[in-house]
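Read the structure below first, then the notes.
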Number of protein chains: 2
Amino acid sequence: MAKIEMPDDFYAQTPDANVRATEAVMNTIETADLLFDRIARLLRPLNVSAAGGLVLGILRDRGPMSPSELGGRLIVTRATVTGVVDSLERRGFVRRSPNPADRRGLVVEITPAGLVVLQQLRTLIHRHEKIWMSVLPEAELGDYIETLRRIQDSVSTAADERD
Amino acid sequence: MAKIEMPDDFYAQTPDANVRATEAVMNTIETADLLFDRIARLLRPLNVSAAGGLVLGILRDRGPMSPSELGGRLIVTRATVTGVVDSLERRGFVRRSPNPADRRGLVVEITPAGLVVLQQLRTLIHRHEKIWMSVLPEAELGDYIETLRRIQDSVSTAADERD
DNA sequence: ACTATATAGTTAGGGCCCTAACGACCGTCC
DNA sequence: GGACGGTCGTTAGGGCCCTAACTATATAGT
């Protein structure tokens with residue numbers, strides 16, 4: 001995810017330029033990037049990456065599953081899951097076993113050590129999320145979440161039409 | 001930037017859990033990720049990465065500058081700039097020359113080929129940004145941008161207090 | 001002058017993400 | 001029971017991002 005700088009004259013350079021739309025897109029990416037970076041820094045002392053933390057959470061909440069299913073939930077390719085699980089396995093937070101029902105497949109499950117680190121991770125992140133969002137009144141927070149949902153729908157839909 | 005899945009019972013797992021705050025953070029990252037991914041796909045046929053496109057834009061709008069300054073504007077480390085500029089230079093979109101005023105430094109500038117690809121890139125992206133954001137009424141778009149700014153301020157400030 | 005400190009750009013090493021291609025295996029249809 | 005199309009996980013190769021360390025050069029202070 002790239003960091004952003006908005007040149008003063010970024011707009012009005014093309015027929016379709018729209019200041020507010022560009023600003024919204026850029027700011028969204030910029031804000032997410034800031035949040036993601038903070039989260040990654042908070043997790044570093046725990047020896048987990050942000051992606052690894054998500055995987056641990058899914059495994060704890062949904063139980064053991066195949067790398068493919070994990071990829072589906074993370075919205076990430078199977079190839080990417082291979083790498084993240086490799087890393088978690090090296091640290092002993094996760095275990096891979098063959099799937100008796102399908103000899104092509106594997107089953108990934110969280111270990112006791114993984115459960116411990118997951119609890120620490122969630123405590124830490126939830127505390128900070130609360131602080132970060134405390135500048136927004138309850139109503140505004142709700143509107144914000146709703147707007148994000150509408151943007152997601154819009155982008156997903158637009159992508160379906162070939163262009 | 002990781003993709004997100006929100007487990008049904010992600011909340012109330014820690015003393016400080018706050019559903020709305022978590023949801024806002026997750027959704028922000030998720031939305032940005034979606035946008036970033038679409039942009040990267042749009043740019044692929046042009047043979048430019050999203051980061052590369054940003055660099056070209058900065059160089060065109062602000063003129064030639066050192067890799068360090070470029071890093072400052074992108075909010076990225078010098079080491080990262082080395083890689084992005086390497087890639088842009090391989091494609092002929094950018095040129096590195098020694099800085100006569102400081103023998104440690106370099107000056108990066110955009111080439112004619114870079115200008116061509118930049119114009120195509122902006123036309124393409126601006127058209128899509130407009131479409132993506134067209135679901136939001138003008139007032140809501142303004143509120144959204146304002147909320148993003150407040151979150152950024154909040155996160156930046158919170159980070160300054162040691163924790 | 002000379003040394004101590006700071007800065008420029010690079011490299012090395014690690015993480016995450018993607019696409020493409022591969023071997024192994026599944027299931028189905030003839 | 002064999003052939004085929006689909007899926008599983010992995011690897012190879014490319015891109016971006018970071019931190020730490022290194023070389024070369026600049027500059028401030030003695």
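Here is how names work: the chains are called A, B, and so on, in the same order as the sequence lines, proteins then strands, and each is numbered from 1.
Here the closest heavy-atom approach between residue Ala113(B) and residue Gly92(B) is recorded as CB-O, 3.8 Å. For Ala24(A) against Met133(B), the heavy-atom pair with the smallest separation is CB-SD, 4.0 Å. The two atoms that bring Ala21(B) and Glu129(A) nearest to each other are CB-O, 3.7 Å, heavy atoms only. Closest approach of Glu89(A) and Arg95(A) over heavy atoms only: OE2-C, 4.0 Å. Here the shortest heavy-atom pairing between Phe93(A) and Leu56(A) reads O-CD2, 3.6 Å. Looking at every heavy atom in both residues, Ile110(B) comes nearest to Gly114(B) through CD1-C, 3.6 Å.
Look at CD on Glu69(A): it is 15 Å from C1' on dG9(D), rounded to the nearest Å. Nucleotide dC17(D) holds its P atom 11 Å from the CD1 atom of Ile75(B), rounded to whole Å. When the P atom of dC17(D) is taken as reference, atom CD of Glu30(A) falls 14 Å away, rounded to whole Å. Taking atom CG of residue Asn99(B) and atom C1' of nucleotide dT7(C), one finds them 13 Å apart after rounding to whole Å. Taking atom CD1 of Ile39(A) as the reference point, atom C1' of dC18(D) lies 17 Å away to the nearest angstrom. Rounded to whole angstrom, the span from the CG atom of Leu43(B) across to the P atom of dC17(C) amounts to 20 Å. dT11(C) atom C1' lies 11 Å from atom CG of Asp86(B), rounded to whole Å. Taking atom CG on Leu54(A) and atom P on dC17(C), their separation rounds to 9 Å, with Å as the unit.
Residues Leu43(B) and Val116(B) are members of separate hydrophobic clusters, defined by side-chain heavy-atom contacts under 4.5 angstrom among Ile, Leu, Val, Met, Phe, Trp and Tyr.
Heavy atoms of Val81(B) sit nowhere under 4.0 angstrom from any nucleic acid atom. Note on Ser49(A): only backbone sugar-phosphate atoms sit closer than 4.0 angstrom, heavy atoms only; bases stay farther off.
Across the interface with DNA chain D, nearest-nucleotide mapping of Gly52(B) and Arg44(A) shows Gly52(B) to be the residue nearer the 5′ end.
When each of dT19(D), dG15(C), dC18(C) is scored by its nearest atom to the side-chain atoms of Val76(A), the top-ranked nucleotide is dC18(C). Looking at the side chain of Thr82(A), the nearest of the listed nucleotides dC18(D), dC18(C), dG9(D) is dG9(D). Nearest nucleotide to the side chain of Leu106(B), out of dG15(C), dC17(C), dT10(C): dT10(C). In the set dG15(C), dT19(C), dG9(C), dG15(C) carries the atom at the smallest distance from any side-chain atom of Arg90(A).
Look at Ser87(A) and you won't find any side-chain N or O under 4.0 angstrom from OP1 or OP2 of dG14(C). Put simply, Thr77(A) has no side-chain N or O that comes within less than 4.0 Å of OP1 or OP2 on dC17(C). OP1 or OP2 of dC18(D) sits under 4.0 Å from a side-chain N or O of Thr80(B). Contact check, Arg91(B) against dG15(D): a side-chain N or O comes under 4.0 Å of OP1 or OP2. Here Arg41(B) does not reach the OP1 or OP2 of dC17(C): none of its side-chain N or O atoms lies under 4.0 Å away.
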Give me, pair by pair, the N or O atoms of the protein and of nucleotides 20-27 of chain C that are less than 3.5 Å apart, along with how far apart they are.
residue, atom, partner, partner atom, Å
dC26(C), OP1, Arg103(A), N, 3.2

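Non-hydrogen atoms lying under 4.0 Å from DNA chain D are contributed by nothing in residues 107-118 of chain A.
In this structure, Glu69(A) does not pair ionically with Arg62(A), as no charged nitrogen and carboxylate oxygen lie closer than 4.0 Å. Using a cut-off of 4.0 Å between Lys/Arg side-chain N and Asp/Glu carboxylate O, Asp37(A) and Arg41(A) are scored as salt-bridged.
A donor and an acceptor atom, one from each side chain of Ser87(B) and Arg91(B), are located under 3.5 Å apart.
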